[in-house]
Amino acid sequence: MIKISPSLLSADFADLKNEVCDISSADMLHLDVMDGHFVPNITFGPPLIASIRKYTDLIFDVHLMISHPLKYIEAFAKAGSDIISVHLECDDNIDECISLIKKFGKKACVVINPDTEVELVFPYLDKIDMVLIMSVYPGFGGQSFIEDVLEKAEKIRKISDIDIEIDGGINDKTIKKAVKAGCNVLVAGTAVFGKENRSEAIEMLKNSGEEK
Ligand code: DX5
Ligand code: ZN
């Protein structure tokens, strides 16, 4: 069974309560946190996550695109995150980030950018709950899927049965390739929030991903 994690980045920020309720048929909610330093864009932080936490029981899949996650993990944990993802390319020590996330009882995930060698994540696979492969350069929604990254999923799947999430440019065509390569958690921003009927969009993605 694959899991769909719609990215709030493509939602209407003036109507977040309804946007969140509109995707209740999804498996998770992907929350893109950007600091304007690690990536050239700024989004939102713990207060916004805490505000929407009241309106949904969905698993909060928090993707930290920030240079210094160590400083903020506690705040994101307390805001209601369930999974906290830190980039391998960030400026903090990854083992310390993983330990801190676990100390707060949350699931830990390590993210790798398109240009980062997949082997660099191998030493962490036994210590984390999920690995996130970026299929676009982080910072913005609506970019095109970078197919070359699928090889990373294949390499991880060969050695581990860990959850493999993929993020960026997922639609009803690219989702098939991602699942075939071994990904089982699919982030979709524009392919869900860009559509009029969100539950239909989630269902369509799920069906395409699971189709043989
Ligand atoms: C990009 C973000 C993604 C983005 C995905 O930095 O991490 O989660 O919102 O958006 P789509 O699905 O539109 O590529
Ligand atoms: Zn993301």
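Given the structure is predicted, the values throughout are model-derived calculations rather than measurements. Atoms within each ligand, like the ligands themselves, are counted from 1 in listed order.
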- Message: Checking side-chain hydrogen bond (donor to acceptor under 3.5 Å, both in side chains) between Asp61 and each of Lys3, Lys107, His30, which is the one that passes?
- Response: His30

- Query: For Leu88 and Val121, which heavy atoms make the closest approach, and how far apart are they?
  - Reply: CD2-N, 4.2 Å

- For Ala188, the atoms of ligand 1 under 4.0 Å from one of its heavy atoms are 12 (O)

- Under 4.0 Å from one or more heavy atoms of Met65, ligand 1 contributes atoms 6 (O), 7 (O)

- Message: Does this structure show an ion pair linking Lys206 with Glu210, if we count only N-O contacts that are shorter than 4.0 Å?
- Response: no

- Message: Give the atom numbers and elements of ligand 1 that come within less than 4.0 Å of a heavy atom of His30.
- Response: 8 (O)

- Nearest protein heavy atom with distance in Å, relative to atom 13 (O) of ligand 1: Thr190 OG1, 2.6 Å

- Note: ND1(His63)-the Zn ion (ligand 2)-NE2(His30) angle, rounded to 10 degrees, equals 100°

- Select one of side chain, backbone, both or neither to describe which atoms of Asp167 lie under 4.0 Å from any atom of ligand 1, heavy atoms only. side chain

- Message: Minimum heavy-atom separation for Ala178 and Ile166, please, with both atom names.
- Response: CB-CG2, 3.9 Å

- Task: Inspect the surroundings of CD in Glu203 and state if more than 12 heavy atoms from other residues, nucleotides or ligands are less than 6.0 Å away.
- Result: no

- Metal-centred angle, OD2 of Asp167 through the Zn ion (ligand 2) to OD1 of Asp32, rounded to 10 degrees: 170°

- Message: Under 4.0 Å from a heavy atom of Met34: which atoms of ligand 1 are those, numbered in the order shown and with their elements?
- Response: 6 (O)

- Item | Derivation and outcome, side-chain contact (heavy atoms from CB on, under 4.5 Å), residues Val187 and Val185 | CA-CA 7 Å; Val187 176; Val185 183; 5.6 Å; no

- Asp32 and Ser7 side chains, donor-acceptor separation under 3.5 Å: yes

- Heavy-atom proximity to atom 14 (O) of ligand 1 ranks first, among Ser85, Gly189, Gly169, for Gly169

- N/O of Ser10 under 3.5 Å from N/O of ligand 1, yes or no? no

- Query: Is there a heavy atom of Gly139 sitting under 4.0 angstrom from any atom of ligand 1?
  - Reply: yes

- Counting from 1 in the order shown, the ligand 1 atoms closer than 4.0 Å to a non-hydrogen atom of Met134 are 7 (O)

- For atom 10 (O) of ligand 1, closest protein heavy-atom neighbour: Gly141 CA, 3.6 Å

- Salt-bridge criterion met for Lys176 and Glu211 (N-O under 4.0 Å): yes

- Taking both backbone and side-chain atoms of Ser7, is any N or O found less than 3.5 Å from an N or O belonging to ligand 1? yes

- Query: For atom 1 (C) of ligand 1, which protein heavy atom lies nearest, and how many Å away is it?
  - Reply: Phe140 O, 3.5 Å

- Would you check if the side chain of Asn184 reaches a backbone N or O of Ile164 as a donor-acceptor pair within less than 3.5 Å? yes

